[in-house]
Amino acid sequence: MTVIIVLRETATESELSQVLNLADRIGSGVRRHSPHLLSLTGDLATVDQAVAHLPQVRHVAGVPGQYPCASAQARIGLPSSVRLGDATVGPGGFTVIAGPCSVESRDQLLEVAHAVRDCGAHALRGGAFKPRSSPYAFQGLGRRGLALLAEARRATGLPVVSEALDVRDLDAMLPAVDMLQVGARNMQNYALLRELGRLRVPVLLKRGLAATIDETLMAAEYILDGGNPDVVLCERGIRTFETGYRFTLDIAAVPVFKERSHLPVIIDPSHAAGETSRVLPLALAAAACGADGIIVETHCDPAAALCDGKQALPTHRLPELVDGVLQVARAAGRLTADRRAGEDRELVLAGAPAGPVAAARVVRR
Ligand code: PEP
Ligand code: MN
């Protein structure tokens with residue numbers, strides 16, 4: 001099985017070499033993922049006996065899948081949090097990312113961005129590069145869309161989440177985007193995942209339409225093993241036999257991701273719903289099932305949207321959405337800060353307190 005060895009942050013290079021040498025003798029495929037995380041294939045009891053007593057070793061554990069960096073055990077069961085602008089996605093808060101499916105025009109984006117900010121959401125989403133099923137459908141404004149996202153960020157102060165479709169666009173995206181989205185269709189674009197591993201920008205990794213939970217975690221592993229520790233998973237619905245809606249929102253994936261991994265998990269209710277009327281109930285379900293937030297599509301004029309208008313929540317309904325998810329998140333015990341009624345909006349704006357989790361963070365290369 002895959003066994004991980006977590007070293008203390010204080011471990012020196014020579015103490016690390018000592019553990020690497022021992023690991024080489026008792027197992028195979030020894031890897032150093034970061035200065036403090038090693039993995040190997042071997043017998044858990046044998047590895048434990050050989051290294052657990054060493055003062056530089058913090059923790060030895062077997063991990064069930066082929067994703068040592070993403071595994072819950074890599075952080076000794078502590079969930080991680082990921083920065084998004086000035087806020088964080090992770091324990092203690094509930095993050096709301098909202099915006100249009102695609103950036104269509106300056107007027108459209110700025111109108112939506114102001115509505116997103118005014119409802120107290122954390123971040124603005126908006127696609128400049130769109131993965132469309134038909135090559136003849138609107139493909140996004142491309143680099144002009146990035147410039148508009150940068151302007152919307154300046155105008156509202158909101159961090160921006162936008163999809164990276166192609167490694168060749170990354171350099172142009174970095175100045176405009178605070179979190180790079182990997183779309184469902186690109187979850188298995190391993191060249192893109194590897195490139196994102198080399199960057200130091202947070203990544204929102206959407207589950208593929210036909211990807212299992214473990215395949216999604218292995219996709220995250222590409223980014224983490226590359227040295228980028230900031231990955232948020234997104235359940236956005238999978239393809240099943242059901243035709244009553246666009247995709248089957250796999251709510252059960254949220255607690256399973258959280259059992260298997262330390263990574264934050266958010267839900268995209270919009271692409272699963274396929275129709276506006278279903279977005280709010282699915283968003284409430286996200287808050288109830290332990291997700292760390294949602295990414296939701298909204299538009300000032302859904303009927304005129306160039307992409308995914310049928311599932312766009314009109315911007316005037318954003319306050320209802322934010323109030324609803326915060327009420328449910330609080331009932332589900334997510335908002336840990338003891339705050340008086342009415343202050344939850346501020347909590348959303350401020351993001352989750354990162355203190356104890358950040359302090360316990362396992363630093364990777
Ligand atoms: C999107 O967020 O607009 C999108 C295309 O999402 P997905 O990759 O989940 O289909
Ligand atoms: Mn969309």
Side-chain angles (χ1 to χ4, degrees), residues 84 95-104 108-109 112 116 121 123-135 137-142 145-146 148-149 160-166 169 173 177-189 192-193 196 202-211 213 215-216 219-220 231-240 245-251 253-254 257 265-276 278-279 282-283 286 291 293-315:
L84 174 53
T95 305
V96 179
I97 304 167
C101 176
S102 56
V103 179
E104 299 168 4
Q108 172 247 14
L109 185 64
V112 175
V116 168
L124 175 68
R125 64 149 284 151
F129 303 97
K130 293 306 304 175
R132 303 303 300 276
S133 301
S134 163
F138 175 61
Q139 306 283 310
L141 296 182
L146 292 177
L148 294 175
L149 285 168
V160 165
V161 181
S162 194
E163 177 166 354
L165 212 52
D166 190 314
D169 298 322
M173 294 192 79
V177 171
D178 298 280
M179 181 177 268
L180 287 166
Q181 175 177 322
V182 177
R185 288 154 192 84
N186 254 330
M187 189 206 86
Q188 285 165 311
N189 180 343
L192 178 62
L193 299 178
L196 294 173
V203 176
L204 178 62
L205 177 66
K206 287 189 148 192
R207 180 181 182 184
L209 319 186
I213 290 169
E215 284 163 352
T216 308
V231 177
V232 175
L233 303 171
C234 180
E235 164 58 42
R236 47 77 74 205
I238 52 174
R239 223 170 229 171
T240 68
Y245 38 71
R246 197 171 171 195
F247 294 99
T248 300
L249 187 65
D250 186 8
I251 286 285
V254 175
F257 275 131
V265 184
I266 68 169
I267 278 187
D268 171 349
S270 304
H271 290 86
E275 285 194 24
T276 303
R278 305 166 189 152
V279 171
L282 295 185
I294 51 170
I295 179 166
V296 64
E297 290 187 345
T298 180
H299 200 287
C300 46
D301 183 5
L306 297 180
C307 185
D308 285 349
K310 259 178 69 183
Q311 66 198 31
L313 194 73
T315 44

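Counting starts at 1 for both ligands and their atoms, following the listed order. Numbers here simply count residues along the sequence, with the first being 1.
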Next on the checklist: If you compare all heavy atoms of Gly127 against all heavy atoms of Ser162, which two are closest, and at what distance to 0.1 Å?
Outcome noted: CA-OG, 3.9 Å

Next on the checklist: Using a 4.0 Å cut-off on heavy atoms, what residues surround ligand 1? Order them by chain and number.
Outcome noted: Cys101, Arg125, Lys130, Pro131, Glu163, Gln181, Gly183, Ala184, Arg185, Lys206, Arg236, His271, Glu297

Checklist entry - Angle subtended at the Mn ion (ligand 2) by NE2 of His271 and OE2 of Glu297, to 10 degrees? => result 90°

Next on the checklist: I'd like to know if the side chain of Thr276 reaches the main chain of Lys310, judged simply by a donor and an acceptor atom lying under 3.5 Å from each other, with no hydrogens or angles considered.
Outcome noted: yes

Next on the checklist: Checking side-chain contact (heavy atoms from CB on, under 4.5 Å) between Ile97 and each of Asp268, Val232, Ile266, which is the one that passes?
Outcome noted: Ile266

Item to check | Crowding at CZ, Arg132 (>12 non-hydrogen neighbours, <6.0 Å) | outcome: yes

Next on the checklist: Tell me the angle that OD2 of Asp308 and SG of Cys101 form around the Mn ion (ligand 2), rounded to 10°.
Outcome noted: 100°

Checklist entry - Do the charged groups of Arg246 and Asp308 touch, with an N to O distance under 4.0 Å? => result yes

Item to check | Main-chain N/O of Ala272 paired with Arg236 side-chain donor or acceptor, under 3.5 Å | outcome: no

Checklist entry - Distance-only, no hydrogens or angles: does the Thr240 side chain make a donor-acceptor pair with backbone N or O of Thr248 under 3.5 Å? => result no

